[in-house]
There are 2 protein chains.
Amino acid sequence: MDFRVRASTKEDCRDISRMIMELAVYENMPDQVKISHEELERDGFCQNPFFECLVAEVPEEHKSKDGHTVVGYALYFYTYSTWRGRCIYLEDLYVMQEFRGKGIGKSLLSKVAAVGKEKQCARLNLSVLDWNTPSRDFYAAKGAQDLTDSEGWHFIRFDGKNLDSLANEAPKD
Amino acid sequence: MDFRVRASTKEDCRDISRMIMELAVYENMPDQVKISHEELERDGFCQNPFFECLVAEVPEEHKSKDGHTVVGYALYFYTYSTWRGRCIYLEDLYVMQEFRGKGIGKSLLSKVAAVGKEKQCARLNLSVLDWNTPSRDFYAAKGAQDLTDSEGWHFIRFDGKNLDSLANEAPKD
């Protein structure tokens, strides 16, 4: 099937927002999603965007059961390693169920890697849930290393009240 | 001891570069450091910086054995959660050995949290090595969650030849 991978525009935010929810449902955490397409428009399409996003689009004649032509997305941003410098981080990679197995996910991933290389990034990082074997196999098959397994890196997070109280302890300027 | 936490300037990059190496030695991976102060100056002090950095400074009369007054740093950048929106990521938090136990690390961490709140970030994220019990306890004591333990998130990375071959498979525009 022919499809096209392109940079997203502000007009894609409703489709991206829809697919963010579909992905959260797949990850069994739909109640975690607190973001709206307005926030995506504000944060992704401003002067100094917090993220960039690619979308996969199929021709009108191949639209989804529900009439969608934007059927996948890859949302990423730039991070920094104090050992290696510029890196690119793939936050989400998603292809709608009925469009899987056609190379769309692979094209989105490769394109993110190419964008990273253009920006002189030394690494493409991402994270997966340990039970998500299909994704872990997909990345491993392409040569990715699991640094949690090999080096013992753990994700740590402050949010909600913990983040507030931490911030309140900050020295005043 | 009195100390001051302030935003870094281009002139701090030599000190930051020195401490990046000290931290890598502590983490038993000094050979991993491939970054120079010139790269830090280029990537952190450009129009669209890849990172921001706070430094902790002591008065001249309390300078280190080797004559340093910049004795700690916190390097961070902004990331994005498709569930919660803007986040801040603490890449490195470091205080020189001879200045530990004086609340400098805590002040740097709190200040990063405060910067995140100012920017409407919902989360402060970071990562630690599993053997680094002092750091894990430090963050846990302040209410951080370990998402690798609680939800099973793993770090995945493409770099070197794997990243190159992935990028080379990208659909051409």
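Lettering of chains follows the sequences in order, A, B, ..., and the numbering in each one begins at 1.
Chain B forms more heavy-atom pairs under 4.5 Å with one residue of A:Ile35, A:Val128, A:Asp146, A:Ile20 than with any other, namely A:Val128. Considering only heavy-atom pairs separated by less than 4.5 Å from chain B, the leading option among A:Ser36, A:Ser150, A:Ala122 is A:Ala122. Chosen from A:Leu147, A:Asp159, A:Leu129, the residue pairing most often with chain B at heavy-atom distances under 4.5 Å is A:Leu129. The residue among A:Ile16, A:Leu23, A:Val33 with the most heavy atom pairs within less than 4.5 Å of chain B is A:Val33.
The two atoms that bring B:Glu151 and A:Asp130 nearest to each other are O-OD1, 4.3 Å, heavy atoms only. Residue A:Trp83 comes nearest to B:Ala24 through the heavy atom pair NE1-CB, 3.7 Å, listed as atom of the first residue, atom of the second, then distance. A:Gln47 approaches B:Asn48 most closely through the heavy-atom pair O-ND2, 4.5 Å. Of all non-hydrogen atoms in B:Ala170 and A:Ala114, the two that sit nearest each other are CB-CB, 3.7 Å. Shortest non-hydrogen contact noted between B:His154 and A:Asp149 is CE1-OD1, 3.1 Å. Across all non-hydrogen atoms, the minimal contact from B:Arg84 to A:Gln32 is CD-O, 3.9 Å.
With a threshold of 4.5 angstrom between heavy atoms, B:Lys161 does not approach chain A through any atom at all. Within the 4.5 angstrom heavy-atom criterion, only side-chain atoms of A:Leu75, from C-beta onward, approach chain B. Proximity to chain A is absent for every atom of B:Arg4, based on heavy atoms less than 4.5 angstrom apart. Using a 4.5 Å cut-off between heavy atoms, B:Asp92 contacts chain A through its side chain alone, with no backbone atom that close. Within the 4.5 angstrom heavy-atom criterion, only side-chain atoms of B:Phe77, from C-beta onward, approach chain A. Within the 4.5 angstrom heavy-atom criterion, only backbone atoms of B:Cys121 (N, CA, C, O) approach chain A. Heavy atoms of A:Arg136 lying under 4.5 Å from chain B belong exclusively to its side chain. In this structure, the portions of B:Gln145 lying under 4.5 Å from any heavy atom of chain A include both its backbone and its side chain. B:Phe51 touches chain A through its side chain: at least one heavy atom from C-beta onward sits under 4.5 Å away, while N, CA, C and O do not. If you measure heavy-atom distances from B:Glu27 to chain A, the contacts under 4.5 Å come from the side chain alone. If you measure heavy-atom distances from A:Lys142 to chain B, the contacts under 4.5 Å come from both the backbone and the side chain.
Between the CG atom of B:Leu166 and the CG atom of A:Leu109 there is a distance of 4.5 Å, given to the nearest 0.5 Å. Put simply, CZ on A:Arg86 and CG on B:Asp43 are 4.0 Å apart, with the number rounded to the nearest 0.5 Å. Atoms OG1 and CD, on B:Thr82 and A:Glu91 in that order, are 5.0 Å from each other to the nearest 0.5 Å. Interatomic distance, A:Leu163 CG to B:Asn125 CG, rounded to the nearest 0.5 Å: 9.5 Å. In this structure, B:Lys117 NZ and A:Asp164 CG are separated by 3.5 Å, a value rounded to the nearest 0.5 Å. Here the straight-line distance linking atom OG of B:Ser81 with atom NZ of A:Lys34 works out to 11.0 Å at 0.5 Å rounding.
A heavy-atom distance below 4.5 Å is found between the side chains of B:Phe158 and A:Leu126.
Panel note: side chain A:Asn162, backbone B:Gly143; a donor-acceptor pair is recorded below 3.5 Å. Counting only distance, with no hydrogens or angles, the side chain of B:Ser107 and the backbone of A:Pro171 share no donor-acceptor pair below 3.5 Å. Not one N or O on the side chain of B:Ser127 forms a donor-acceptor pair closer than 3.5 Å with the backbone of A:Trp153.
A:Phe3 is connected to A:Phe138 through a chain of hydrophobic side-chain contacts under 4.5 Å among Ile, Leu, Val, Met, Phe, Trp and Tyr, so both are in one cluster. Under the 4.5 Å side-chain contact rule for hydrophobic residues, A:Leu93 and A:Phe99 share a cluster.
Taking the six-membered ring where the residue is Trp, A:Tyr80 and B:Phe50 present tilted rings, their angle falling between 30° and 60°.
In this structure, B:Glu61 places its CD atom where more than 12 heavy-atom neighbours from other residues, nucleotides or ligands lie under 6.0 Å away. The neighbour count for A:Gln97 CD, taken as heavy atoms of other residues, nucleotides or ligands under 6.0 Å away, does not exceed 12.
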